[in-house]
Amino acid sequence: GLHAAFLTVLLAVLLGTFYGEQMWLAAGGPSERIEELEQAQQQKLDRAAQIEQAEPAEADRLRAHVPQIEERIGQLERLVEETDDEQYRASFNYHLANFLWTFTKFVGEDFFLRVLKLLVIPLVITSMIVGITSLGDVRKIGRIGFWTLFYYFTTAAVAVFMGIVLVQIIEPGKGADDTFAYTKENVMAKEGASAVDTLLDVFRGQPGEPGTGMFPDNIFLAASTTNVLALIVFAIIFGGVLTTIGDEADVVIRFFRGANEAVMKMVHLVMWFAPLGIFGLVAFKIAEEGGGAAFLDVMSRLSKYVGTVTLGLGLHAAFLTVLLAVFARRNPFQYIFGVARALLTAVTTASSSATLPISLECVEENNGVSNRAASFVLPLGATINMDGTALYEAVAVIFIAQTLGIELTLAQLVIIFITATLAAVGAAGIPEAGLVTMVIVLTAVGLPITGIGTILAIDWFLDRLRTTVNVYGDTVGAGIIDARVVR
Ligand code: ASP
């Protein structure tokens, strides 16, 4: 099964790289790209006007990008014309590309990814209640809770620290190219949010959006908006209370045990489909980004930045591996092999939450971590333990400062250290969530959020890498807590 999954990833990368551009063309990719570029242009002009007085040189620099963007729009418009042609639309190439676009999207996003998400809510609720009640005693829950949070925070702090050191040494932002920088709407909407506000939002929810926050007024609303954190809190308390009411609880606990086993069986079924689903996700994503040539173009513009992030994530993964060997006394290779499917799912879905079903299954079935530890550490970790994201936010923000030629003071670095750790806690386990919470870090040190535009083009790719480290951190935590606290 695992071999099949690796093979399909390889095939998907090949398809996406060499045929992705055709798929992108057939699906009308250029028109969408034009829209983005037009917005990018507008954003630049707006920003230039805004800083005209304070930083005339920077304003001029931004305006100088406009002709290049216009040229690129011109090229894309020609592409649109070419593909708007009857002969092309009748060609075999067009039909094949169109078919592959629809097919990869269907098996990946429309089916595999959705089924994974579908299982998250039932899985979180049942596994959390089963895990908590099997601890048997409210005091034990406190102990495991304390050490789990301790693990989350210390590893995140190490990750951020490592990120800051690396980006300061390598300085990828000096002379980086931000010609095609473009900031998405959902990021712009966060303008002005303070770190305290964003963190408080985790507790109280977003104003005007019922069902969000740790204590929503309706638990079904929380479930229907995939507010996993609220469900976790509810399940912890519910499970904890069950352990205090004696015999009356037995039937309830048995019910949730049975339900949990059934959901895990369903996860098992989904795994059969994983190779094809993964194939679809990878091939479609590369095609969506315009294929191999477009990817290389973006990569070459930001290669130093990508290198810094990748190096940081790699070092942090190595650090986690050492923790695993020392504190859980585990053979790291065996452990990693056991969770390989989960890591693969993380790379392909870019979502810790969607990966949760698979990581629970891997950790328990392949690595023999007790259900009591796994069902506590993993669901909670998937929503708040994000070492990869924490490292990424710090690197990205300092990178943005470097591209703008801003020297950060030590005090600002400390602020970045704190806010990046918190921003990672606040990020949901969904694709590119870290990009949105990065606004907190930027505003905390007074950098313009339009800086995010510089890294947006490559974020989908780095998101996959950091999500993998996020998931790896959760699974390592499960192993350590199991060995040290639960047993
Ligand atoms: N995609 C990441 C995750 O699910 C969050 C992020 O954007 O950093 O873990």
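Just so you know, ligand 1 is whichever comes first in the structure, and atom 1 is the first atom listed for that ligand. Residue numbers count from 1 along this sequence.
When heavy-atom distances to ligand 1 are checked against 4.0 Å, the residues falling inside are Ala350, Ser351, Ser352, Met386, Thr389, Ala428, Gly429, Ile430, Pro431, Glu432, Ala433, Gly434, Asp463, Arg466, Thr467, Asn470, ordered by chain and number.
Annotation: cation-pi geometry not satisfied between Arg330 and Tyr335 (NZ/CZ under 6.0 angstrom from ring centroid, within 45° of ring axis).
With respect to Lys285 and Glu289, a salt bridge is recorded, a charged nitrogen being found less than 4.0 Å from a carboxylate O.
At least one donor-acceptor pair closer than 3.5 Å links the side chain of Gln412 to the backbone N or O of Thr409. Under a 3.5 Å cut-off, the side chain of Asp387 and the backbone N or O of Ala159 do not form any donor-acceptor pair.
In this structure the side chain of Tyr472 never reaches within 4.5 angstrom of the side chain of His316, judged on heavy atoms.
Test Val267, Val270, Leu356, Thr355 against Leu116 for side chain to side chain contact (heavy atoms under 4.5 Å, CB included) and you get one pass: Val270.
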